[in-house]
Each structure stands twice: as structure tokens, then as C-alpha cells.
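In what follows, a single structure is set out as C-alpha cells and then discussed.
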Amino acid sequence: MALYLITGIGGFIGSSLARALLSRGEQVRGVDNFATGRRENIAEILDGIDFREADLLDLNAMKKACAGADYVLHQAAIPSVPKSVLDPLGSNRANVDGTVNVLVAARDAKVKRVVYAASSSAYGDTPTLPKHEGMAPNPISPYAVAKLASEHYMTSFYRCYGLETVSLRYFNIFGPRQDPSSPYSGVLAKFIMQMLRGEQPTIFGDGEQSRDFTYIDNAVEANLLACKAPAAQAAGEMCNVATGRRVTLNETFRALQRLTGYSGEPKYGHERGGDIKHSLADISKAEARLGYKPKVGFEEGLQKTVEWYRGRGA
Ligand code: UD1
């Protein structure tokens, strides 16, 4: 049994990781400041975890949180492209300064490995598809820059201090517990909620933008594999975490119409600043280095997600 520290445990991905680890009999400690995480995401598991309400920017709290941990799954972030465009300083503080604090604390506590929630937004709007890790990054939004900077910090801590790190470039992770309620929420959570309520969703742009939408179970699996993959293959590396398939927002809207029973049409609005047009991953590096294979496809994931929100009374 190992002790895992999850930063951002109140978030959608952090709380999903916590559940998966508990079900495997592992020990879980978590921190969150509830800037974007939600207490209800961990309410049911609170008794089984060592939870501490703390901010990443509090180095002392991060040092205490890392003490005795075997692995750190660093998920905490302000995960929004448009929010970072409005508030680049806030994005940088949480997403870069916060990460460096976690790394310093993890290094000093001699944790075995830090796995980081990096972002596919690092690739930017380069026309090449699919995106592979050998490509030069080309971030557009302050969020993408911050996520990329933190990825470099991960590798730097491996090179300079020997702290093992793995960065996982998430491609649009979705699933149960993703917050649908903020204007910065991920598109699938928002659309599912709106369509179940009979509200008209807005597509920003022509809807022909595409994403490699990745169901949460695949991201959870990638984190667990990243902790255990041999250091020679994984330490200091970054890998895409996705499905290797992309769908457009228009196609997604149609699929959601079938699943939710929403019969209206979407509204089309202005394209959103900082957005990229297409996103699709080459996942061969994660396959080779981590033994990763996506287990849940887009349609199945979408169905499970709609069922979950429906079960919550949307
Ligand atoms: C998402 C993640 C980001 C992650 C990145 C890569 C969220 C909130 N953001 O960014 O953390 O790093 O994937 O994995 O999960 N859209 C609409 N209508 C809406 C909302 C969005 O048309 O009401 C459009 C957007 O303009 C965009 C697409 O849907 O074209 C996806 O947007 P979003 O879900 O915010 O994700 P990304 O910006 O791709």
C-alpha cells in the first residue's frame, strides 16, 4: 500500500483519482483550496482520505502534505483557457508558482515520483495532426503557456535534483463530476447539463472545431501507469493522454441530442479568443512508455456521463 498525495482532490479529475486509488486499497491524502474544486466531489470519501484544505501557494502546507507521500498526483490548477486570457497573473500564480511549490516540497520530502496534469493546449494551433510529443510547442493562451512552463519545471526537477516526474498532456478530459456551472466549464459538462434541462447551448464559432475528447477513466488509468512505469522509460518525460480520435462540436451536439432527448438546435456565437481549432493526439508514446491504452471510447464515455448527470437530476 502506497501513500498518494493528490493536489486538487476536490476537482473533477482529482476526486476521480482518489476514488480509483481507494478502490485499489491505496492510501490517499489530498489538498484543495476550493478555488475551482468542490466539497461535494469528496464528501462521500472524506472519511477514507487525509484531507487538508490548503493553497498551492502555501509552501509550508505543501511541505507538510508531501511528508511521507510515495507519489504526488499534481492536478490542482485553474483549468481554463478563457479565464487565463482575462486574468493571466492569476493563471500564472496557480498554474506555475503553485507547481514550483509542489515540486520543491516533493523534492525535499523525497517522494518517489510526481505525475503532472499537463495540457494538450501546449501544442497550440499548429496545422499538423495528430499532435505528437516531438513537435515544437506553440502555446496560444496564458493558460497554455503556464501549463507548458510547469511541464518544463517537471523535467528540470528531474534533471537537476533527480526527482522523478511524468507529465501527462491531457486532451479534453470529460466525465462525471466535471463542473458544468461556470462560464469556464468544459464544453461537454456544460452542454449535457443545458440539454438535459432543455436549455439551448451556444457553440462558439461554426462548430467545426474538433477535440480528442477523453473519458475520465482513461486519464485515471494513465496516472496510475505513470506512477509505476520504469524510470528509464518514463522519468522526466511527457506523454499525450487521449483516445487518438477527434470529433467536431457539431457531431458532439448531434450525439448529445440522441442521448439527452434535446430536440432544439444550438445557437452559434463568436469564436472564443485563445481557442485552438483542431486537437487530435498521437498516443503511441504513452502506449510505449507507460503501457497506456484508452479503455473507454468517446460514445461510451458520453453515455456514462449523460447518465450520471441525469441521475443527479441535472
Ligand atoms: C480544455 C480544458 C483545458 C485543457 C484542454 C486540453 C476545460 C474547461 N478546459 O480546453 O483545461 O487543458 O482542454 O485538454 O476543461 N465551447 C463552446 N460552447 C461552450 C463552451 C465551449 O462552443 O459553451 C467550445 C470552445 O470554444 C472550444 C471547445 O468548445 O472550441 C472546447 O472548449 P473547452 O471545453 O473549454 O475546452 P478547451 O478550451 O479545449
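Values reported hereafter were calculated over all heavy atoms of this structure, with side chains retained and with hydrogens, waters and symmetry mates removed. What you see is a predicted model; the values in this text were computed from it and never measured. When a ligand or atom number is given, it counts from 1 through the structure's own listing order.
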Quiz prompt | Neighbouring residues of ligand 1, heavy-atom cut-off under 4.0 Å | solution = Pro79, Val81, Ser119, Ser120, Tyr143, Tyr170, Phe171, Asn172, Gln178, Tyr184, Ser185, Gly186, Val187, Lys190, Phe191, Thr202, Ile203, Phe204, Gln209, Arg211, Leu249, Arg272, Asp275

Self-check item: Pair Phe204 and Phe191, ring centroids less than 6.0 Å apart
Solution: no

Quiz item: Between Gln75 and Tyr170, does any side-chain donor sit less than 3.5 Å from a side-chain acceptor?
Solution: yes

Exercise. Would you name the heavy atoms of Leu21 and Val28 that are closest together and state the gap between them?
Key: CB-CG2, 3.7 Å

Quiz prompt | Centroid-centroid under 6.0 Å between Phe174 and Tyr215 rings | solution = yes

Quiz prompt | Closest heavy-atom pair and its distance - Phe171, Ala281 | solution = CZ-CB, 3.5 Å

Between side-chain atoms of residues 76-84 and protein atoms elsewhere (two or more places apart, or another chain), which donor-acceptor pairs fall under 3.5 Å?
{"residue": "Ser80", "atom": "OG", "partner": "Lys83", "partner atom": "N", "Å": "3.0"}
{"residue": "Ser84", "atom": "OG", "partner": "Val81", "partner atom": "O", "Å": "2.7"}
{"residue": "Ser84", "atom": "OG", "partner": "Tyr143", "partner atom": "N", "Å": "2.9"}

